[in-house]
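Encoded as structure tokens, the structure appears first; notes follow it.
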Amino acid sequence: MSLNNTTLVPRQAFNKFILYENRLRFYLIASNTADSRHRIIKIDRTANEELVVVEDEAEYSGKQMSAMLKMLDDGNKSSGGLGRAKVFFGIAGFVRFTAGWYMILVTKRSVVALLGGHYLYHCENTELVPVCFSPKIDKPAEEQRLINIFKQVDMSKNFYFSYTYDLTSSLQHNLAGSNRSVHDGLYAFNDRYAWNYNMISTPLERPASSHWLLPLSTDTSIKPVQLTVLGRVIFITLIARRSRHYAGARYLKRGVNDEGNVANEVETEQIVSEALTTPFYYPSRRRPSPNYTSYVQYRGSIPIYWTQDATTMAPRPPIEINVVDPFYTAAAKHFDDLFRRYGAPIMILNLIKKREAQRRESKLLDEYTVCVEYLNQFLPKGKKMMYRAWDMSRAYKEKTQDVISYLEDIAEESIQETGFFHSGPEPYSHYLQSPNSEWRNTISLQNGICRTNCVDCLDRTNAAQFVFGKRALGHQLYALGVVESPNLAFDSDAVNMLTEMYHDHGDTIALQYTGSALVNRVETYRRMPHWNSHSRDIIENIRRFWTNSLLDADKQAAINLFLGVQSDPHRDRPVRGGYRQWFKPEHLEPPYYYRPLLFTSLGKHFAYSMNSTLKLPGKTARDVNHSPFETSSRHRPTSRCVCRGFGYAQVDGIAEHAAAWDEEDGKPAAKAEARKASAMEPEPSERDKHSTEVIAKQMLEPCVSDTEVAEYQGYIDQYDIVFDTADRKDLEVYTSAVAIAYGDGGLEYDGTDEAKERDFYAREPLPVTFNYERWINAPCYHEMLL
């Protein structure tokens with residue numbers, strides 16, 4: 001295949017594809033949105049065992065491509081010409097079973113989000129197209145069996161892609177760059193989270209151009225929603241990336257493998273942005289837009305060798321630690337890889353049980369604790385892993401601790417240690433409100449990560465990650481200047497919306513790993529369960545038992561075939577580099593620094609979807625003046641009205657219109673006192689009146705002058721003056737005219753000239769003789785209106 005060299009291949013913006021076929025070849029045309037740039041490749045259909053793909057490195061205009069297609073059609077008359085054109089949206093890869101190659105085409109897509117001007121798509125449907133026109137299959141039954149197993153991985157569910165944005169990497173990596181590569185292969189995307197990487201890389205000797213083969217961003221979920229904050233529109237997007245390494249079903253994939261990859265590994269990114277401008281960068285001077293923030297979390301199985309035997313048909317199979325490695329080689333590889341990808345520090349939140357009637361999870365607790373203590377002793381001071389082991393289940397059952405409050409404390413500690421990503425400086429209003437505090441005038445980077453786990457990394461882990469996400473949401477909104485404090489109250493519209501997002505997020509991961517939705521949700525640990533939660537938990541537990549016992553074997557076989565996993569019992573285990581120096585020192589340094597990139601901007605709209613019936617704020621006019629960060633039980637507080645006058649007040653960190661009016665003179669009493677106090681302050685000089693500091697203070701504390709109040713009051717009272725100066729006779733005539741207009745008759749006839757005039761105007765209207773309805777109902781009239 002005539003393609004690029006072994007350097008990283010940059011992505012180009014081609015998003016429309018056309019397939020022409022005949023008996024000898026496939027011709028694939030890629031075009032950009034404006035149909036001004038085109039590329040073409042040719043795939044041979046005569047070879048049965050070999051995949052022959054030739055790419056034309058030239059780029060064509062519209063007229064040139066039309067001439068090229070006409071020439072190809074004339075040259076292929078003997079084999080049927082170019083054939084009928086077929087539109088598709090990208091190639092997901094090539095796959096081979098027993099004989100012959102198949103091409104996987106994305107035939108249907110849907111927009112799920114718009115992030116920084118880049119559309120994110122959901123793969124709705126795919127098609128398996130045989131490459132060879134007349135393949136020779138020696139074992140047709142085996143070929144069909146493997147095809148059926150391959151199709152068990154439904155590519156129309158939870159697969160996402162983008163033509164211009166790297167979904168396999170975090171927002172921080174895409175915008176700020178890294179001083180070390182997180183790409184494990186030769187492509188410009190992180191193949192750890194591209195589930196079709198084997199179908200992209202294996203058939204081709206060299207890396208293919210990125211505009212032909214789409215990395216399907218892992219069997220994950222993307223949950224974007226929209227939040228309205230007093231007229232400001234905030235977008236919250238939740239992206240989950242599932243690793244393709246050591247992936248599989250619940251009881252068949254536990255712990256860690258020899259390469260340091262753990263089961264049920266998911267990276268969760270929470271992006272909060274205010275899209276005043278669509279692209280990531282301002283058009284002038286390539287300055288980054290300061291309206292994007294993100295926070296990344298991590299979940300994964302406990303990185304030691306342990307299994308559970310599901311063949312016993314027991315609801316809770318016993319946990320067995322198969323291999324006891326005194327040097328914890330696999331765990332060392334795992335944590336060194338986390339240092340390489342995220343940097344230091346790493347916080348480990350272990351939520352498994354400590355005390356049990358029959359030892360199950362506590363075995364893992366003891367072994368995991370010894371593992372972390374052993375590895376920590378070799379790390380330098382200031383770079384050691386922070387280990388937090390807490391029996392979350394017992395704390396909930398014994399009611400000795402507030403589970404959510406304790407998790408919030410740990411979340412705040414973790415966010416203070418690792419930070420979060422913000423693409424610009426914090427608002428200048430923070431400096432004005434606290435001049436003595438430190439003000440950040442550069443971007444903020446997240447170096448380090450919090451690793452959360454329980455036994456399955458599902459129910460308890462998802463509740464804990466929600467608390468971390470809630471705490472991070474407060475900091476992200478504070479960095480954007482939306483709230484005055486990062487503390488967000490529960491039962492507010494914003495937190496309720498985030499709760500539903502993490503419920504959908506957890507349900508998607510649980511369905512992929514166990515075959516059922518979450519059992520214990522956030523409301524369970526808040527001791528606010530729904531009335532049907534108990535029956536729902538029983539049903540989900542039955543579904544898990546049924547799926548894990550009877551269906552997981554077929555599911556694991558399908559995943560292994562899809563990912564290209566081959567079992568080799570004679571494969572040598574990797575050798576550890578050192579027992580004391582188990583990490584690379586350069587991995588402990590911060591991996592991220594600021595390096596701006598320029599992406600293509602596609603600004604149209606924001607599409608969002610979430611599997612929830614929760615009423616999101618911002619849909620009605622009443623929500624415009626309501627803060628989504630107040631609890632739902634006090635949407636309209638009695639002590640402080642949201643809109644009562646001209647003043648301006650701060651309510652729970654959110655700026656809202658509020659003032660108390662004086663009933664005696666109709667002026668805002670509180671603001672009058674404020675004006676008297678401000679009048680005693682020295683006036684700024686004429687030069688300082690136009691400074692940013694003075695303007696910012698005026699905007700934060702606006703004040704209505706007496707002249708404006710008097711002008712508005714005069715506008716309201718202007719009709720009262722007319723009634724006060726008019727005599728009784730004029731009022732009677734005016735009242736009668738109003739009554740006649742409403743058809744009530746008016747004043748009685750008394751024979752005077754005024755009464756005659758009133759009687760003339762009170763008569764029935766003149767009869768209408770022309771048929772206006774015929775003219776109005778004419779077709780030409782409707783066409784004129786349209």
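- The ring of H430 has its center closer than 6.0 angstrom to the ring center of Y478.
- For Q377, the CD atom counts as densely surrounded, since its 6.0 Å shell holds more than 12 non-hydrogen atoms of other residues, nucleotides or ligands.
- Checked by atom type, the side-chain pair N487/R471 shows a donor-acceptor distance below 3.5 Å.
- Between R242 and N264, the side chains place a donor N or O and an acceptor N or O closer than 3.5 Å (distance only, hydrogens not considered).
- Ring centers of Y406 and W390: under 6.0 Å apart, within the cut-off.
- The salt bridge (Lys or Arg N to Asp or Glu O under 4.0 Å) search around E438 returns none, not counting sequence neighbours.
- Listed by chain and residue number, I404, S405 satisfy the side chain to side chain contact (heavy atoms under 4.5 Å, CB included) test with D402 (two or more places apart in sequence, or in another chain).
- No side-chain donor from either of Y251 and Q556 sits under 3.5 Å from a side-chain acceptor of the other.
- Checking Q270 against Y502 by side-chain atom types alone, a donor-acceptor pair falls below 3.5 Å.
- Side-chain atoms of S301 come within 3.5 Å of backbone N or O of G255 as a donor-acceptor pair.
- Judged purely by distance below 3.5 Å, without hydrogens or angles, the side chains of Q416 and E412 pair a donor atom with an acceptor atom.
- Judged as a side chain to side chain contact (heavy atoms under 4.5 Å, CB included), and not counting sequence neighbours, the contacts of P380 are K383, F583, L588.
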